[in-house]
Amino acid sequence: MIATLIGKTEYEKEKELYFYSNLEALMAEKGLSIAELSERTGVAQSTIRSLIRGRLKRLDSISTGKLTQFFQCKLDELYAMKWE
C-alpha cells in the first residue's frame, strides 16, 4: 500500500496505516443519500456504508476512482490517512 511505497519511519513501524473517508461530508454538501450516490456512481451501497462507517486498511481503486471523479476531488480530499 502507500506505506510500502513511501517507507516507514521507526515510529510508523510500530503502527498500522488506516484510511478514514470524508465521504459523508461530501455527500452532505451535495444533499445525496447512500442510494442516490450508489445509483449515480455505480459504487455498491454496501461499499459506501463501509467507507462512511469506519477505518479502512485498504482502498478499492475502482470505487475510489469513481468517487473522486464524481466529486471532482483529489484522493486526500476523499480520504484522510492516520497511523495508529
Side-chain angles (χ1 to χ4, degrees):
M1 214 54 215
I2 291 175
T4 304
L5 296 175
I6 61 174
K8 290 185 176 182
T9 65
E10 287 302 313
Y11 168 78
E12 294 164 342
K13 287 180 182 177
E14 300 173 9
K15 307 281 184 173
E16 291 289 326
L17 180 63
Y18 290 96
F19 298 90
Y20 292 89
S21 167
N22 297 317
L23 188 56
E24 194 167 26
L26 293 169
M27 290 171 58
E29 287 176 16
K30 292 193 178 259
L32 295 169
S33 68
I34 291 172
E36 291 169 327
L37 182 60
S38 176
E39 185 177 313
R40 293 176 69 179
T41 62
V43 176
Q45 289 186 35
S46 59
T47 300
I48 294 169
R49 278 190 210 91
S50 293
L51 291 172
I52 290 170
R53 235 185 284 131
R55 64 186 199 176
L56 309 163
K57 281 193 167 190
R58 297 183 182 159
L59 299 179
D60 171 34
S61 62
I62 294 172
S63 297
T64 296
K66 289 178 180 181
L67 292 169
T68 54
Q69 184 176 10
F70 177 79
F71 287 108
Q72 296 181 346
C73 66
K74 296 178 183 176
L75 186 63
D76 63 347
E77 295 170 306
L78 182 60
Y79 299 108
M81 297 181 294
K82 185 176 180 184
W83 291 97
E84 296 181 349

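Residue indices begin at 1 and follow the sequence shown.
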If you define the side chain from C-beta out and look only at heavy atoms, does anything of [X] sit under 4.5 Å from [Y]?
{"X": "N22", "Y": "F71", "value": "no"}
{"X": "K57", "Y": "Y18", "value": "yes"}
{"X": "C73", "Y": "T68", "value": "yes"}
{"X": "L37", "Y": "L23", "value": "yes"}

To the nearest 0.5 Å, what is the distance between [atom1] on [X] and [atom2] on [Y]?
{"X": "L17", "Y": "R55", "atom1": "CG", "atom2": "CZ", "result": "11.0 Å"}
{"X": "K30", "Y": "E36", "atom1": "NZ", "atom2": "CD", "result": "12.0 Å"}
{"X": "M81", "Y": "L75", "atom1": "CE", "atom2": "CG", "result": "7.0 Å"}

Might you work through the side-chain contact (heavy atoms from CB on, under 4.5 Å) test for M27 and I34, ending with a clear yes or no?
CA-CA 8 Å; M27 290 171 58; I34 291 172; 3.9 Å; yes
All N/O donor-acceptor pairs, side-chain side in residues 44-52, below 3.5 Å, sequence neighbours left out:
residue : atom : partner : partner atom : Å
Q45     : OE1  : R49     : NH2          : 3.1
S50     : OG   : S46     : O            : 3.1

Expected output: side-chain T64 to main-chain D60 donor-acceptor under 3.5 Å
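Pair found, side chain donor or acceptor close to backbone of D60.
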Please check this pair: side chain of S21 against backbone of Y79, looking for a donor-acceptor N/O pair closer than 3.5 Å.
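No; zero donor-acceptor contacts below 3.5 Å.
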Look at atom CD of Q69 and say whether more than 12 heavy atoms of other residues, nucleotides or ligands are closer to it than 6.0 Å.
no
Using the side-chain contact (heavy atoms from CB on, under 4.5 Å) criterion, which residues pair with A25? Sequence neighbours excluded.
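Residues passing side-chain contact (heavy atoms from CB on, under 4.5 Å) with A25: none at all.
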Which atom of L26 lies closest to which atom of E77, heavy atoms considered:
CD1-O, 4.1 Å
